[in-house]
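Some notes on the structure that comes next.
Only this structure's heavy atoms are used, side chains among them; waters, hydrogens and symmetry mates stay out. Order of appearance sets the numbers: ligands from 1, and atoms from 1 within every ligand. Quantities reported herein were computed from a predicted structural model and do not represent experimental measurements. Residues: numbered from 1 along the sequence shown.
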Amino acid sequence: MKHFFFTILLMATAVLPTGAANHEVPLIQNVCAYESVSLNGDWHYIVDVQEEGYYDYRMNPTRWGFFQNAKPQRPEDLIEYDFDKSPTMQIPSDWNTQDERLFFYEGTVWFKKSFQAVPMEDHRMLLYFGAVNYDCRVWVNGKEAGHHVGGFTPFNYDISDLIKEGENVVIVKVDNKRHAEDVPTQIFDWWNYGGITRDVRLVKVTPTYLEDYNLQLAKFDAKAKKRQISFSARLNKKESGHKVTVFIPELKLEQQLTTDAEGTVSGTLFVAPKKLQLWSPENPKLYRVDISLDTSIISDSIGFRTIETRDKQILLNGQPIFLKGISIHNEKPNGGGRANSAEDAHTLLGWAKELGCNFVRLAHYPHHEEMVREAEKMGILVWSEIPVYWTIAWKNLKTYENAQNQLRDMIARDHNRANVIIWSIANETPHSQERDTFLGNLAQYARSLDNTRLISMAMEVTGASNYVNRLNDNMNKYVDVVSFNQYIGWYRDVNDAPKMKWEIPYNKPVIVSEFGGGAKYGYHGAKNQRWTEEFQENLYIENTAMLDKIEGLSGTTPWILKDFRSPRRVLPDVQDYYNRKGLVSDKGEKKKAFYILKQWYEKK
Ligand code: GCU
């Protein structure tokens, strides 16, 4: 009998793009657990402003493109590119901080990497990308593996039939040009870092493997003597009769199940409440879990907790919690460039811990996997978001499909992370029927994939007059937590925060998902002097006092932990292409406001 009291719908509905050769397969769960060869390191690259390597002079895709990695065979042969004579850059990274000529560059860059491989009878080989920004085409030995759009979620190709004995070549065309129909759309307040920004791996799997699995603690049931942990898994093939065993050594819990005709299993493990340590910020307990399929076995580290709302409260493990948060961009702790390692994550999250945070909003797109896993180890709860940001092309079906795919893959990668409690589907989107339909569908889709977590989005204050701020958003009925951004003291009503009143007519928990103001580290002066640390400090003093008066406030994620690169911030000697709303400078220096928030959280 299937257990349906709560589900994470294993991504059976993964619809993959058709057309050109496509070796894309649904995202493999917990890729780090598999034997793999890293393709990180030096990759040759060619900057191709006019996409000479892909289109002919009539702008038709050419079969003689750079993906052929052609070499002159005879003296008279004309080949006008040569990867092996082209410069190299470290992957994973963004090209903007790797080659100063590309600091502002938005366009196409080709990447080439050689690797040794041997076709295997009894195994398949997946080519896995942690993320590539933005529009990416991949070839292996001149044959197209696939085309992926979206800069912040992983994807993988089964390249078993494309590899050959000996030297193999993977070529990736990356284009980060912005378009109105994209997700995010044409304008956004962060740097449009281009490139292969996260890990690349060759992953060895058995012909039939565990494509996805889910382990989740059921909500507390006072009547139940035992706590229930639901387990479900799905193979990459609809094959019955495979033995799947889930084993949690520390809890001495084990269950063997047999796949059905859909290639899926699901079951329930029962554990005595006092035996189970629940995951929480104070005790980020993770259990080693071994999952075997026939003779192969993988392991994961999983925490068990419940998250829900009751009226205006957020309950973690049945207890009300105040989310002491901070917003963060996925940028390296010092200077710019995409963050992409556990070290980057640990430093950024270390600053959040110093602030007294138990929560982070990873804005405005899924951050690298190590960020989420490091936060899980450090006891930090996570808000994860897809870049449906500002004015998206709401009526464009392709745009919707793109947003839905990014949502699917965000959930697919992190749905076993205990610290991830909120899926956010949007940020500061203008009200319209088309927008409501688009976001309403996204919210329902997210819930259909995972009804164990909270859904939210960053709304905006809809009306403010006579110091009364109102929130009136049709999307309130789709979300579990009502969140909004407000910039009292910066974009409006400087020094009026103490007078402000709030009308939030929804019986749901409230998160103020952004507030803040800019300051240039080391610039000091009067508290009404813009850009001084004293101005920002005072803004935080006034805003935190104002937030204390908001009924049902269950958390906040001020904007933002660290100054971050943005092409929209051009004020010389102050911004210099940095958004300066960080509490920490781009060099890791703490501003005065950092300590105001820290003190406020100490009282929370
Ligand atoms: C907006 C937006 C952020 C932006 C911030 C700002 O609210 O969500 O992405 O950086 O305001 O203006 O600094």
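Listed by chain and residue number, K499 satisfy the salt bridge (charged side-chain N to carboxylate O under 4.0 Å, His left out) test with D496 (two or more places apart in sequence, or in another chain).
For the pairing with W191, the ring-ring contact (aromatic ring centres under 6.0 Å, His included) check across F103, F564, W95, Y105 returns one residue only, F103. Screening D94, D344, D586 for a salt bridge (charged side-chain N to carboxylate O under 4.0 Å, His left out) with K332, the sole residue that qualifies is D344.
Both tests hold for K604 against F322: distance to the six-membered ring centre under 6.0 Å, angle to the ring axis within 45°.
Listed by chain and number, residues touching ligand 1 at under 4.0 Å (heavy atoms only) are D189, H364, Y389, N427, E428, N485, Y487, Y491, E514, W559, F564, R569, N579, K581.
Screening residues 469-479 for salt bridge (charged side-chain N to carboxylate O under 4.0 Å, His left out), with sequence neighbours left out, gives R435-D473, R470-E503. Each ring-ring contact (aromatic ring centres under 6.0 Å, His included) pair with one or both residues in residues 583-604, not counting sequence neighbours, would appear here, but there are none.
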